[in-house]
K.L.:
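Dropping a structure here in structure tokens format, bear with me for questions.
Residue numbers start at 1 and run along the sequence shown. Every number for a ligand or one of its atoms is a count from 1 in the order of the listing.
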Amino acid sequence: MLVTKVAEPKDTPTVEKVEFWEGLYQRNITPWELGTFSPPFKTFLESPYKVPPGKIASLGCGTGHDALLFANYGFEVTAFDFAPSAIAATKAKFEQSGLLGKSAFVIQQDIFDLHQFNGKFDYVLEHTCFCAIHPARRKTYEFVVRDLLKPDGKLIALWWLLDRQGSGPPFSVSKSELFDLFSTDFRFDIVHEPTDSVPDRKGQELFTVMSRH
Ligand SMILES: C[S@@+](CC[C@H](N)C(=O)[O-])C[C@H]1O[C@@H](n2cnc3c(N)ncnc32)[C@H](O)[C@@H]1O
């Protein structure tokens, strides 16, 4: 008798696993992919409120559009992601721009295992990584960001404020949760509802810059 093995739930990679994300890249299921940097980041970098270039860690960098934008504005960027396809795409962009290994670096690693980089960055860049991780890990994510930063470092973030029923990713994110989660270790310097979000996210984004206390 031919017995077909049916995947048990325990065989299904969960959102914490690299296999989950790499599987999406392999199957071209990347609905978060904008094909370019997110406009509010460029607006910020050209605004009077911009921050001086420094060392920035891009967490869950995906295919690297935002990381490349910051590199093009003079930042020294280290782009972290655990999915090989994401890292390969980011590396290719950095290589093409001539910045790879000079002011743009890629590291394939789990963002919850970055202890060796603690205190090394002036800035952390967040864009749809927070809503991609399991909500149970959000406080740990806040600790990761805090610990990566130098004492006066800043988190530059574009949050996707989603109210979703059912399971993610992306998982629901609310403004009040962000304030609750980050206020213990961070001061909110800029809180801004962008007017130049991509059409699908209009009215659903929040741009913040926070400083470590
Ligand atoms: C929704 S995508 C966002 C990508 C990119 N930031 C963007 O906005 O286009 C989330 C990314 O985070 C990565 N990721 C999720 N959990 C991770 C983890 N624990 N460590 C490293 N990367 C992670 C995934 O591989 C994926 O590339």
Side-chain angles (χ1 to χ4, degrees), residues 12-45 56-72 75 77-94 104-118 121 123-145 147-148 155-162 164 167-173 194 196-202 204-208:
T12 309
T14 55
V15 72
E16 294 86 0
K17 304 266 189 234
V18 62
E19 292 80 8
F20 175 91
W21 291 98
E22 184 56 23
L24 293 179
Y25 282 109
Q26 293 287 335
R27 286 176 286 147
N28 256 322
I29 306 173
T30 56
W32 62 84
E33 174 65 42
L34 299 183
T36 182
F37 55 80
S38 188
F41 285 133
K42 185 163 191 274
T43 302
F44 169 66
L45 289 169
I56 188 163
S58 171
L59 300 185
C61 63
T63 59
H65 298 290
D66 301 318
L68 180 62
L69 175 75
F70 277 76
N72 283 335
F75 289 74
V77 180
T78 306
F80 294 98
D81 204 294
F82 61 6
S85 294
I87 286 296
T90 300
K91 191 175 175 190
K93 279 191 188 67
F94 288 171
F105 305 88
V106 289
I107 298 185
Q108 188 186 330
Q109 202 156 315
D110 192 315
I111 60 159
F112 293 100
D113 186 22
L114 298 182
H115 311 289
Q116 77 264 39
F117 301 101
N118 282 357
F121 292 97
Y123 308 106
V124 167
L125 183 63
E126 152 62 42
H127 183 212
T128 66
C129 181
F130 183 80
C131 65
I133 59 170
H134 194 280
R137 305 183 94 184
R138 286 181 174 176
K139 192 62 198 172
T140 312
Y141 176 93
E142 190 265 340
F143 292 147
V144 169
V145 174
D147 293 345
L148 286 172
L155 170 60
I156 300 169
L158 186 62
W159 310 98
W160 191 6
L161 302 181
L162 296 144
R164 291 187 85 226
S167 58
F171 296 96
S172 296
V173 179
D196 53 354
S197 300
V198 292
D200 284 356
R201 298 185 195 170
K202 275 238 182 304
Q204 290 188 306
E205 289 190 315
L206 189 71
F207 177 81
T208 63

K.L.:
How close does the nearest protein non-hydrogen atom get to atom 20 (N) of ligand 1, and which residue and atom is it?
P.N.:
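For atom 20 (N) of ligand 1, the nearest protein heavy atom is Ile111 N, 2.9 Å.
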
K.L.:
Taking the side chain as everything from C-beta on, heavy atoms only, tell me whether Phe70 gets closer than 4.5 Å to Ile156.
P.N.:
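Yes. Closest side-chain heavy atoms under 4.5 Å.
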
K.L.:
Among all protein heavy atoms, pick out the one at the shortest distance from atom 14 (N) of ligand 1; state its residue, atom name and that distance to 0.1 Å.
P.N.:
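For atom 14 (N) of ligand 1, the nearest protein heavy atom is Phe82 CE1, 3.6 Å.
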
K.L.:
Taking the side chain as everything from C-beta on, heavy atoms only, tell me whether Thr30 gets closer than 4.5 Å to Tyr25.
P.N.:
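Result yes, sub-4.5 Å side-chain heavy-atom pair found.
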
K.L.:
Taking distance alone, with N or O pairs closer than 3.5 Å, would you say His127 contacts ligand 1?
P.N.:
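Yes, since at least one N or O of His127 sits under 3.5 Å from an N or O of ligand 1.
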
K.L.:
For Phe80, which part has a heavy atom under 4.0 Å from ligand 1: side chain, backbone, both, or neither?
P.N.:
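The answer is neither; Phe80 stays 4.0 Å or more away.
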
K.L.:
Counting the benzene-type ring for Trp, do Phe117 and Phe80 have ring centres under 6.0 Å apart?
P.N.:
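Yes, the ring centres sit under 6.0 Å apart.
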
K.L.:
Quick check: do Phe41 and His127 have side-chain heavy atoms less than 4.5 Å from each other?
P.N.:
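SC-SC contact between Phe41 and His127 confirmed.
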
K.L.:
How does Ser58 reach ligand 1, by side chain, by backbone, by both or by neither, if only non-hydrogen atoms under 4.0 Å count?
P.N.:
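It is neither; nothing of Ser58 touches ligand 1.
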
K.L.:
Under 4.0 Å, heavy atoms only, figure out whether ligand 1 is touched by the backbone of Glu22, its side chain, both or neither.
P.N.:
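The answer is neither.
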
K.L.:
Mark up the atoms of ligand 1 that fall under 4.0 Å of a heavy atom belonging to Gly62, in ascending order.
P.N.:
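Close to Gly62: 4 (C), 5 (C), 27 (O).
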
K.L.:
Which residue and atom name correspond to the protein heavy atom nearest atom 9 (O) of ligand 1, and how close is it?
P.N.:
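I find the closest protein heavy atom is Trp32 CD1, 3.5 Å.
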
K.L.:
Is there side-chain contact between Leu68 and Phe94, with at least one heavy-atom pair below 4.5 Å?
P.N.:
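Side-chain contact under 4.5 Å: yes.
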
K.L.:
Let me know which of Phe20, Tyr141, Phe171 forms a ring pair (Phe, Tyr, Trp, His ring centres under 6.0 Å) with His134.
P.N.:
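Testing each of Phe20, Tyr141, Phe171 against His134, the sole residue satisfying ring pair (Phe, Tyr, Trp, His ring centres under 6.0 Å) is Phe171.
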
K.L.:
I'd like to check whether Gly60 has a polar contact with ligand 1, where a contact means an N/O of the residue lying under 3.5 Å from an N/O of the ligand.
P.N.:
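Yes, since at least one N or O of Gly60 sits under 3.5 Å from an N or O of ligand 1.
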
K.L.:
Within a strict 4.5 Å, meaning less than it, do heavy atoms of the Gln204 and Ser197 side chains meet?
P.N.:
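No; the side chains remain at least 4.5 Å from each other.
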
K.L.:
Using a 6.0 Å cut-off, check whether atom NZ of Lys17 has over 12 heavy atoms from anything other than its own residue.
P.N.:
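No, the 6.0 Å shell around NZ holds no more than 12 heavy atoms from other groups.
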
K.L.:
Among all protein heavy atoms, pick the one closest to atom 19 (N) of ligand 1 and tell me residue, atom and distance.
P.N.:
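Result: Asp110 OD1, 3.0 Å.
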
K.L.:
Select one of side chain, backbone, both or neither to describe which atoms of Trp21 lie under 4.0 Å from any atom of ligand 1, heavy atoms only.
P.N.:
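Only the side chain of Trp21 comes within reach of ligand 1.
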
K.L.:
Could you check Ile107, Thr63, Val106 and say which one makes a side-chain contact (heavy atoms from CB on, under 4.5 Å) with Ile87?
P.N.:
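Output: one option passes, namely Val106.
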
K.L.:
For atom 25 (O) of ligand 1, which protein heavy atom lies nearest, and how many Å away is it?
P.N.:
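Heavy-atom neighbour on the protein nearest atom 25 (O) of ligand 1: Asp81 OD1, 2.6 Å.
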
K.L.:
Is there any N or O on Arg137 that sits under 3.5 Å from an N or O of ligand 1?
P.N.:
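No, Arg137 has no N/O under 3.5 Å of an N/O on ligand 1.
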
K.L.:
Below the 3.5 angstrom mark, is there an N/O of Glu16, backbone or side chain, next to an N/O of ligand 1?
P.N.:
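So ligand 1 has no N or O lying under 3.5 Å from an N or O of Glu16.
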
K.L.:
Can you find an N/O atom of Phe112 closer than 3.5 Å to an N/O atom of ligand 1?
P.N.:
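For ligand 1, there is no N or O atom that lies under 3.5 Å from one belonging to Phe112.
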
K.L.:
By number and element, which atoms of ligand 1 are closer than 4.0 Å to a non-hydrogen atom of Ala83?
P.N.:
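The list of qualifying atoms is 25 (O).
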
K.L.:
Any non-hydrogen side-chain atom of Glu19 less than 4.5 Å from a side-chain atom of Glu22?
P.N.:
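Glu19 does not reach Glu22 side chain to side chain.
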
K.L.:
Classify the angle between the aromatic ring planes of Phe207 and Phe44 as parallel (below 30°), tilted (30 to 60°) or perpendicular (above 60°).
P.N.:
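Tilted, since the angle between the ring planes falls between 30° and 60°.
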
K.L.:
Which residue holds the protein heavy atom closest to atom 8 (O) of ligand 1, what is that atom called, and what is the gap in Å?
P.N.:
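Ranked first by proximity to atom 8 (O) of ligand 1 is Thr128 OG1, 2.7 Å.
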
